[in-house]
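In what follows, a structure is listed as structure tokens, so that the remarks can point back to it.
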Protein chains: 2
Amino acid sequence: MKEQLSKKAEQVSLVLKQLAHPDRLMVLCCLLDGEKTVNELVGYANASQSWVSQFLSKMKLSGLVDSQKKGVFVYYRIAEPRLKAIMTAIYKAYCVAGVRSER
Amino acid sequence: MKEQLSKKAEQVSLVLKQLAHPDRLMVLCCLLDGEKTVNELVGYANASQSWVSQFLSKMKLSGLVDSQKKGVFVYYRIAEPRLKAIMTAIYKAYCVAGVRSER
DNA sequence: TTGACATATTATTAAATTATAATATACTAA
DNA sequence: TTAGTATATTATAATTTAATAATATGTCAA
């Protein structure tokens, strides 16, 4: 039981490491809204094209996002429902105004 | 609006950085269950007393947990409801068996 | 086939984090 | 007051991660 939890913890920590950065959070927050091209994401995060591309490529490698090419554009979206769940929880906790934090 | 989000992102990333580590997740997961002494937490994470103490002290500094001394023991608990919310989401997503991930 | 734009890759230096050890403090019971 | 246990602090070397620049690839339209 504890063994299992510690394996999960390993897995979750790999996901959280990818999120634990302001610009990366901005990108993911943006993806939470639906699929976006690389350039659209560059606009949201204050980061370079190269940086965003790198980040997305890592996220894709680990299966957290996937992408679809349409002509010149590459559309990225969140592929892992558990990532979506975590991002949604974060968004609700920190970005939805007027929600009283219950004890 | 975007300005605000990016400030939030900064704030959230500081929280996530504290979580993004297997042993730290174990500790927090354990605290999700209720308050615990340092030694109890040392038992759950496979980490040294010194390490757990250090971690808790940082978390306390940033207001994510707080502690209460009872005799020789120091009881720690999650102080920030938003941390509790995120941890709960993570726990549900990764540790609750049998939950179908909805699309 | 060339120019313009969208995306991807690679390399390198700077900076932050991790793991660990050693040691200190504080409380309690005897 | 001393021994034993619980917790906290400090320091440092090793490892990761971050930031950035330079450049490459691929697609499309003219």
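The shown structure was predicted, so the numbers you read here are calculated from the model rather than taken from an experiment. Below, read A as the first sequence line, B as the second, and so on, with proteins coming before strands; counting in each chain starts at 1.
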Exercise for the section: Check whether any side-chain N or O of Arg24(A) sits under 3.5 Å from a backbone N or O of Lys17(A) as a donor-acceptor pair, and report yes or no. Expected result: yes
Fill in the blank from the handout: What residues 53-60 of chain B contributes to the DNA chain C interface at heavy-atom separation below 4.0 Å is Gln54(B)
Practice task
Compute both the distance and the angle, then confirm whether Lys70(A) meets the cation-pi test with Tyr75(A): under 6.0 Å from the six-membered ring centre, within 45 degrees of the axis.
Solution key: yes
Practice task
Scan Tyr76(A) against the nucleic acid and name what it touches under 4.0 Å (heavy atoms): base, sugar-phosphate only, or nothing.
Solution key: sugar-phosphate
Practice task
State, yes or no, whether a side-chain contact exists between Lys36(B) and Asn39(B) at a heavy-atom distance under 4.5 Å.
Solution key: no
Practice task
Starting at atom CZ of Phe73(A), determine the distance to atom C1' of dC5(C), rounded to an integer number of angstrom.
Solution key: 8 Å
Problem - Test item: Met26(A) and Leu5(B) side chains (from C-beta on) under 4.5 Å apart, heavy atoms - result: yes
Mind listing the N/O atom pairs, protein and nucleotides 22-30 of chain C, below 3.5 Å?
from    : atom 1 : to       : atom 2 : distance (Å)
dA22(C) : N6     : Ser50(B) : OG     : 3.4

Problem - Residues within residues 10-18 of chain A bordering DNA chain C, heavy-atom distance below 4.0 Å - result: none
Problem - Thr88(A) (side chain) donor-acceptor with Lys84(A) (main chain) under 3.5 angstrom - result: yes
Practice task
Begin from the C-alpha positions of Glu40(A) and Cys30(A) and carry the test side chain to side chain contact (heavy atoms under 4.5 Å, CB included) through to its verdict.
Solution key: CA-CA 9 Å; Glu40(A) 285 175 311; Cys30(A) 188; 5.9 Å; no
Exercise for the section: With DNA chain C as reference, determine whether Val74(A) or Asp23(B) sits nearer its 5' end, using the nearest nucleotide of each. Expected result: Val74(A)
Handout entry: Whole angstrom value for the distance that separates P of dT7(D) from CG of Leu41(B)
Key = 9 Å
Exercise for the section: Please report the closest heavy-atom contact between Val42(A) and Ala47(A), naming both atoms and the distance. Expected result: CG1-O, 3.4 Å
Exercise for the section: Look at the side-chain N and O atoms of Asn39(B) and state whether any lies under 4.0 Å from the OP1 or OP2 oxygen of dT7(D). Expected result: yes
Problem - Closest contact, heavy atoms only, Val27(B) versus Leu41(B) - result: O-CD2, 3.9 Å
Exercise for the section: Figure out the CH2/P separation between Trp51(B) and dT18(C), and round it to whole Å. Expected result: 9 Å
Handout entry: Proximal nucleotide (of dA19(D), dT7(D), dA19(C)) relative to the Thr37(B) side chain
Key = dT7(D)
Exercise for the section: Verify, without hydrogens or angle tests, whether Lys8(A) (side chain) and Tyr94(B) (backbone) share a donor-acceptor contact under 3.5 angstrom. Expected result: yes
Exercise for the section: Kindly say whether Leu32(B) contributes a backbone atom to a donor-acceptor pair with the side chain of Arg77(B) at under 3.5 angstrom? Expected result: no
